[in-house]
Amino acid sequence: MTSTTSLATGLPAGHRERLLGLAREVSFDIGTRLFEEGRPADRFWIIRTGTVALDLHVPGRRAAVVESLGHGELVGWSWHFPPYVWQLDAEATSPVRAWEFEAESVRTMCADDPEFGRAVAVWLGRVVAHRLHASRVRLLDLYAPHGSGTR
């Protein structure tokens, strides 16, 4: 994965190792809901294997999948920004193995080490910007009249 939003490229090696020191290994079966919009965001994951779909509730319609995440990618960023509630929903679309992180522990580490905290914040900013763009494009694909997304 060469994306700047993946763990491998999103954080410098030293910060990545510090973060992984807080991880615990978890697994999710296909169909497991990792989180739902509006609920407390108290943890996050880095996918080791498998796929997680991010979806958005659309009133009167089926949920819209806005992005599919795989190896090395961050699942969840809402844990970092008050009021710490999920902005989307997430579901395992295949069996998933991941590293799980307790949000409070990572926020404390960020506060205690400003250099580490800045690196995490910059990485999360890239992730949020990427997800916002992906969501916009996907929603235009699904709901906009043909040709309305061109300038």
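Quantities reported herein were computed from a predicted structural model and do not represent experimental measurements.
Applying the salt bridge (charged side-chain N to carboxylate O under 4.0 Å, His left out) rule to R39 yields the partners E36; only residues at least two apart in sequence or on another chain are considered. With sequence neighbours left out, H80 forms a ring pair (Phe, Tyr, Trp, His ring centres under 6.0 Å) with no residue at all. The salt bridge (charged side-chain N to carboxylate O under 4.0 Å, His left out) check on R118 picks up nothing, with sequence neighbours excluded. Remark: W86 engages F35 in a ring pair (Phe, Tyr, Trp, His ring centres under 6.0 Å) (not counting sequence neighbours).
Looking at W99 and V26, their side chains never come closer than 4.5 Å, going by heavy atoms from C-beta outward. The side-chain heavy atoms of E37 and H57, taken from C-beta on, include a pair separated by under 4.5 Å. With contacts defined as side-chain heavy-atom distances shorter than 4.5 Å, the pair L20/L7 qualifies. In this structure, the side chains of L54 and D89 stay at 4.5 Å or more apart for every pair of heavy atoms. In this structure, the side chains of W77 and Q87 come closer than 4.5 Å at one or more pairs of heavy atoms. A 4.5 Å side-chain heavy-atom check between E67 and H130 finds at least one atom pair inside the cut-off.
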Side chain to side chain contact (heavy atoms under 4.5 Å, CB included) between L88 and D55: does it pass, once the steps are laid out? CA-CA 6 Å; L88 296 169; D55 60 73; over 6 Å; no
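Residues V122 and V120 do not share a hydrophobic cluster, clusters being chains of Ile/Leu/Val/Met/Phe/Trp/Tyr side chains in contact below 4.5 Å. Cluster annotation: L22 is connected to L74 through the hydrophobic network of ILVMFWY side chains, with a link wherever side-chain heavy atoms come within less than 4.5 Å.
Here the OG-CD distance, from S68 to E91, works out to 11.0 Å after rounding to the nearest 0.5 Å. Rounding to the nearest 0.5 Å places CZ of R97 at 10.5 Å from NE2 of H71.
Not one N or O on the side chain of T51 forms a donor-acceptor pair closer than 3.5 Å with the backbone of T93. Between the S78 side chain and the A41 main chain, no donor and acceptor come within less than 3.5 Å of each other. The main-chain N or O of G14 is never found under 3.5 Å from a side-chain atom of E17 such that the two would form a donor-acceptor pair.
Of all heavy-atom pairs spanning L19 and F101, the tightest one is O-CE2, 3.1 Å. Here the closest non-hydrogen pair linking A119 and L11 is O-CD2, 3.5 Å.
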Run the side-chain donor-acceptor check on residues 42-49: report pairs under 3.5 Å with partners two or more places apart or on a different chain.
residue : atom : partner : partner atom : Å
R43     : NH1  : E100    : OE1          : 3.3
R43     : NH1  : E102    : OE2          : 3.2
W45     : NE1  : E100    : OE2          : 2.8
R48     : NH1  : E25     : OE1          : 3.0

Using a 3.5 Å cut-off and no angle test, enumerate the donor-acceptor pairs between side-chain atoms of residues 106-115 and protein atoms at least two apart in sequence or in another chain.
residue : atom : partner : partner atom : Å
R107    : NH1  : W79     : O            : 2.6
R107    : NH2  : E104    : OE1          : 2.8
T108    : OG1  : E104    : O            : 2.9
D113    : OD1  : E115    : N            : 3.2
D113    : OD1  : F116    : N            : 3.2
D113    : OD2  : R18     : NH1          : 2.4

